[in-house]
Amino acid sequence: MAERYYNYIDGEWVDAVSGETFENRNPANWDEVIGVFPSSGKEDVYRAVEAAKKAQKEWASLPVPERAKILGKAGDIMVERKEELAKLETREMGKILKETRGDVQEGIDTLYYAFGEGRRLFGVTTPSELRDKIAYTIVKPVGIAGLITPWNFPMAIPCWKMVPALLLGNTVVFKPASDTPATATELVKIMIEAGVPKGVVNIVHGTGSRVGEAIISHPDIGVISFTGSSAIGSRIAEVAGKMLKKVSLELGGKNPQIVMDDADLELALEGVLWGAFGTTGQRCTATSRLILHEPIYDKFIEMLVERAKQLKIGNGLDESVDMGPVINEGQMNKILEYIEIGKNEGAKPILGGKRYTEGECSKGWFIEPTIFIDVQPEMRIFQEEIFGPVLSVTKAKDFDHAIELANNSTYGLSSSIYTTDLRKAMKAIELLEAGITYVNAPTIGAECHLPFGGVKNTGNGHREGGKWVYEIFGEIKTVYVDYSGKLQKAQIDTDLNK
Ligand code: UN1
């Protein structure tokens, strides 16, 4: 029997008002049902918002270090449960255990970061232009945060959002991806066990079109944080923007790795294998474009194919496997469609390209690591996010051309250059249009205490991670204290031109 899961609203585990449910299955073995979840609608979201509203003032009135203590405790619980959570995550999402352990670890790191930040949350103190007056800033919560999270990092990304939201004193209505609702539920259970009071964290399961829409259009939700596709992000910006909510969007990527002829080719090879085929290519930071300097083009492709064809595909619970399935049948078909598009556009497929159905893999949604060479910038497989194990390789005449190719994208999340020439590395850092640039490292692997986000259509200017995420979930209050005992007129009493 599959486990039965519920929404958590106002401190109670409850079904959807409609009583409808949906199943969540293992992408490596579609026969295995992980759990049955409430398929919620607008009325469930409205109940969750009501609960979040009721709980918010009390929660915000706690001293920040008190809230931080609860988050630190959640970190301790997650440490204890790390292995079990990683296994659940691999079963529901497919990526290999090594990676799901990393995903849970990122959740832990985010919780411990918040634990420390609870005793900082520094503002600015600055002299006033007037005598006997002081000016400084404090940060207040927005109120209720609506969190809509993707399936590719089922623990880390919900933590990136929920943890800072809570630390600042917001209450939360959380809609996880319907492909990974079990891991999300475990996060909520951990928060409860750590001592988060009722109504502070509410989880509502269901589809984007019903639950997501209800969240983004609810007038009482003041801030929306979303990670997912640019198409949905743009829809959220439209609805929430019109209602003047704060909106943070972390969207698509088409991340390039450049390899120059002076690079350590072995290192660059390890980098691209990890960047392109780690998480089965399903990261918004995944390396989906490889830009090779002409003199090493043929040699590097040979090295790459040799290694990529050895990647072991299979169930992520098997420690010897390198690459798990893609998330569901729909995604698999979309990726296979892109592979057809690439062939029709005239790119040359040199590895993979097919669904993989050997042995047990016939029960799941597996795709071979796929490499196209001779990819031109006008092709769709160069421009569009595929979100699967498909790498497009393009030749660059020289350094300037490599940068030009890398920047030929509507996205700008991550980027990477492999070179041993300091001048080229520094120039690339300056010129690459991306929120993140790695030097001699792959495009994936952001650390939770640094800003995470991108330029162009990758987002709307916000950064998650570190202290920067606190700008999303906080409202800054500027405080002026005048202790002169008289009316002082800024800009008038201080006119320096007088
Ligand atoms: C994402 O795919 O949405 O830097 C985020 C990385 C991960 C985050 C990916 N830590 O690859």
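Basis for what follows: all heavy atoms, side chains included, without hydrogens, waters or symmetry-related copies. Every number for a ligand or one of its atoms is a count from 1 in the order of the listing.
Here is the list of ligand 1 atoms found below 4.0 Å of a heavy atom in Ala446: 4 (O), 6 (C), 10 (N). Every atom of ligand 1 is numbered from 1 in the order shown, and the set under 4.0 Å from a heavy atom of Asn152 is 1 (C), 2 (O), 3 (O).
A donor-acceptor pair shorter than 3.5 Å cannot be found between the side chains of Lys254 and Gln383. A donor-acceptor contact closer than 3.5 angstrom is absent between the side chains of Asn255 and Thr287. For Asn408 and Glu404, the side-chain atoms include no donor-acceptor pair closer than 3.5 Å.
Contact of the Glu464 side chain with the Pro164 side chain is not registered, since no non-hydrogen atoms from C-beta on lie closer than 4.5 Å.
Remark: the backbone N or O of Leu97 is paired with a side-chain donor or acceptor of Thr100 at under 3.5 angstrom.
Looking at atom 9 (C) of ligand 1, its nearest protein heavy atom turns out to be Phe153 CE1, 3.6 Å. Nearest non-hydrogen protein atom to atom 8 (C) of ligand 1 is Trp160 CH2, 3.8 Å.
Within the 4.0 Å heavy-atom criterion, neither part of Thr279 lies near ligand 1. Of all the heavy atoms of Trp151, none lies under 4.0 Å from any atom of ligand 1, so neither backbone nor side chain is involved.
In summary, the aromatic rings of Phe452 and Trp160 are positioned with their centroids under 6.0 Å apart.
Glu250 does not count as a contact of ligand 1, since none of its heavy atoms falls under 4.0 Å from the ligand. Not a single heavy atom of Trp274 sits under 4.0 Å from any atom of ligand 1. The shell of residues lying under 4.0 angstrom from ligand 1, judged by heavy atoms, excludes Thr443.
Between Tyr5 and Phe37, the ring planes are parallel. Angles under 30° get that label, and only those over 60° would be called perpendicular.
Of all the listed residues (Cys448, Cys284, Pro150), Cys284 holds the heavy atom that lies closest to atom 1 (C) of ligand 1.
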Between Lys309 and Glu306, is the salt bridge (charged side-chain N to carboxylate O under 4.0 Å, His left out) condition met? List the steps. CA-CA 6 Å; Lys309 71 180 181 206; Glu306 188 48 38; 3.5 Å; yes
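For ligand 1, the polar-atom distance check finds no N/O of Thr227 at less than 3.5 Å from any of the ligand's N/O atoms. In terms of polar-atom proximity, defined here as any N/O pair under 3.5 Å, Thr285 does make such a contact with ligand 1. Backbone and side-chain nitrogen or oxygen atoms of Phe452 are examined, and none is located within less than 3.5 angstrom of a nitrogen or oxygen of ligand 1. Inclusion of Arg283 in the set of residues having an N or O under 3.5 Å from an N or O of ligand 1 is warranted.
Salt bridge Lys161/Glu250: absent, no basic N to carboxylate O contact under 4.0 Å.
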